[in-house]
Amino acid sequence: MTEKRSSFTGKIGFVLAAAGSAVGLGNIWRFPYLAAKYGGGIFLLVYLILAVTFGFALMCAEIAIGRKTGQSAINAFKSLDKRFGFVGVIAAIIPAIILPYYSVIGGWVTKYFYAFVSGDAAASASDSYFTGFIAKPFEPIGWFLIFMGLTALIVLFGVEKGIEKVSKVMMPVLVVLTLFIAGYSMTIDGALEGVKYYLLPDFSRFSATTVLAAMGQLFYSMSLAMGIMITYGSYMKKDVVLEKSVRQIEIFDTGIAFLAGMMIIPAVFAFSGGDETALGKGPSLMFITLPKVFNSMPAGAVIGAIFFLLVLFAALTSSISLMETVVSIVRDKLGWNRRVTCIVVFAFCVILGIPSSLGFGIWDFVSVAGLSILDMFDFVSNSVLMPIVALLTCIFVGYIIKPQALIEEIEIGAPFKAKTLFTVVIKYVAPVCIVLILISSILDVLGIMKI
Ligand code: PHE
């Protein structure tokens, strides 16, 4: 490519764009349901520990690889060492797996926004509303197509900048609103049990599966282990202090996830009367619980509508970054123009997304180990491919190019305070943990032993 790569303007530009990619459904929809399912406090604790160690080190590494090489994922690995080009290729497959099912959930959010503005707020608080909706064959697909189409149009016309500007205003509002809803949730009768469940770790619930789930969530939420941060790093100017930017993105991303859990988990307890099975609702948790919260609060219909609109924006900035990545990889490899590529990627996503959507309705008989079709895509990307890419990235940085090569890049502009942590995590802690976790989860899935 002879085209010059553009840079993010201003110091804050990079952080905002990366945070736009990071903060999305992963924080608001995925984190709370995983925390609810995997033991609450213990999941939160494991997640936080992983975020300040793995998450921090891996994000520094990816952004530094991108900035050092000025290339997107596939070429970045190749240009540093020919033998490792394949890591970039695996990384590149991940966004293509995530985007279709991400857009199915994006469609659900769009539907709920519509339900709240069209006067269906009270109805949506009933138990059967969500299950009735996702069981329908066509309606969820329609909303999925609307969300996917919106994403594709934005990418096609290259108007991400406009969206980023809007979301710059929307994100802080989302934080404030989430804080408010979380505060309200805690005051509902019976919610206190949920606050305890969410904040106090129960060590007897600790298992390899908890760690794997937390790790997959960490990569997903911070847009790591799939080449995206490498690409973003390639646009980052040399005068931006890398370590500080990473900290800011991390705090923002983790903060929103934490608040989302606070908003949803206590409410689950309040509305289910302590029935623990309500915690295992999986992907549907947010859509079942939040309408009940809104229904119980004054002006809930208006607050709910605003909330779903903000979540829709957060989801769009993430789906745009997913689609942009897929589009730019296809264009780099095949040399197609932007329009053709967007249409082909859109068609591909529709084909992969429809089964995910039908998996909760007429195709709900398709299930492996209790996972729906959507969950399976989610599992393959988050619990299999991402840990593998993360492991290979650590080996690559730790033993092939050596941490020092990236430390030099990170130190441009300011000393790297967490240098030792970075080196130890990348070289020893992360690879060993990822291997152990992968092995134990494979054994677990095969039913050989339960750890
Ligand atoms: N990080 C985004 C979220 O939390 C999801 C995402 C993953 C976006 C990968 C881009 C790339 O919702």
Side-chain angles (χ1 to χ4, degrees), residues 15-35 47 50-51 55 58-59 62-63 66 72-73 90-109 147-148 151 154-155 160 163-164 167 170-171 174-175 178 213-233 235 246 249-261 283 286 310-329 345 349 374 377-383 385-387 389-390 393:
V15 172
L16 280 174
S21 167
V23 176
L25 296 174
N27 308 61
I28 298 154
W29 156 76
R30 203 170 185 275
F31 182 86
Y33 93 65
L34 288 178
Y47 185 86
L50 290 178
L58 206 58
M59 189 177 276
E62 291 200 7
I63 295 177
S72 58
I90 312 180
I93 299 171
I94 300 174
I97 300 179
I98 296 183
L99 180 59
Y101 84 78
Y102 198 85
S103 301
V104 171
I105 315 289
W108 297 354
V109 173
F147 183 87
M148 191 65 240
T151 306
I154 296 167
V155 173
E160 299 93 307
I163 300 294
E164 268 159 28
S167 75
M170 298 272 220
M171 283 303 122
L174 179 63
V175 176
T178 311
M215 194 164 70
Q217 170 61 17
L218 177 73
F219 298 151
Y220 185 91
S221 185
M222 296 207 196
S223 307
L224 290 174
M226 57 187 109
I228 290 190
M229 284 299 157
I230 298 186
T231 309
Y232 273 51
Y235 297 124
V246 170
I249 300 166
E250 202 176 43
I251 291 171
F252 199 60
D253 191 71
T254 310
I256 296 199
F258 173 76
L259 284 178
M286 158 178 152
L310 295 170
V311 175
L312 184 58
F313 264 88
L316 271 175
T317 52
S318 297
S319 64
I320 292 164
S321 100
L322 282 164
M323 181 152 178
E324 227 0 293
T325 313
V326 181
V327 166
S328 67
I329 289 165
V345 171
C349 290
L374 188 147
F377 279 115
D378 191 81
F379 181 79
V380 170
S381 56
N382 296 297
S383 300
L385 293 177
M386 287 191 207
V389 171
T393 309

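Just so you know, ligand 1 is whichever comes first in the structure, and atom 1 is the first atom listed for that ligand.
Under the 30°/60° scheme for interplanar angles, the aromatic rings of Tyr220 and Tyr101 are found to lie parallel.
In terms of heavy-atom proximity, Thr231 sits nearest to Ser72 at OG1-CB, 3.7 Å. Residues Ala314 and Leu174 come closest through the heavy atom pair CB-CD2, 4.2 Å.
Shown are Leu58, Val246, Ile230; of these, the side-chain contact (heavy atoms from CB on, under 4.5 Å) with Ile63 is made only by Val246.
In this structure, OH on Tyr232 lies 8.0 Å from CD on Glu324, to the nearest 0.5 angstrom.
With sequence neighbours excluded, the residues forming a salt bridge (Lys or Arg N to Asp or Glu O under 4.0 Å) with Asp378 are Arg30, listed by chain and number.
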Please tabulate, one line per pair, the protein nitrogen or oxygen atoms found under 3.5 angstrom from a nitrogen or oxygen of ligand 1, with distances to 0.1 Å, or say none if there are no such pairs.
residue	atom	partner	partner atom	Å
ligand 1	1 (N)	Ser21	O	3.2
ligand 1	1 (N)	Ala22	O	2.9
ligand 1	1 (N)	Tyr220	O	2.8
ligand 1	1 (N)	Ser221	O	3.0
ligand 1	1 (N)	Ser223	OG	3.2
ligand 1	4 (O)	Ala22	O	2.8
ligand 1	4 (O)	Gly26	N	3.3
ligand 1	4 (O)	Asn27	OD1	3.2
ligand 1	12 (O)	Leu25	N	3.0
ligand 1	12 (O)	Gly26	N	2.8
ligand 1	12 (O)	Tyr102	OH	2.7

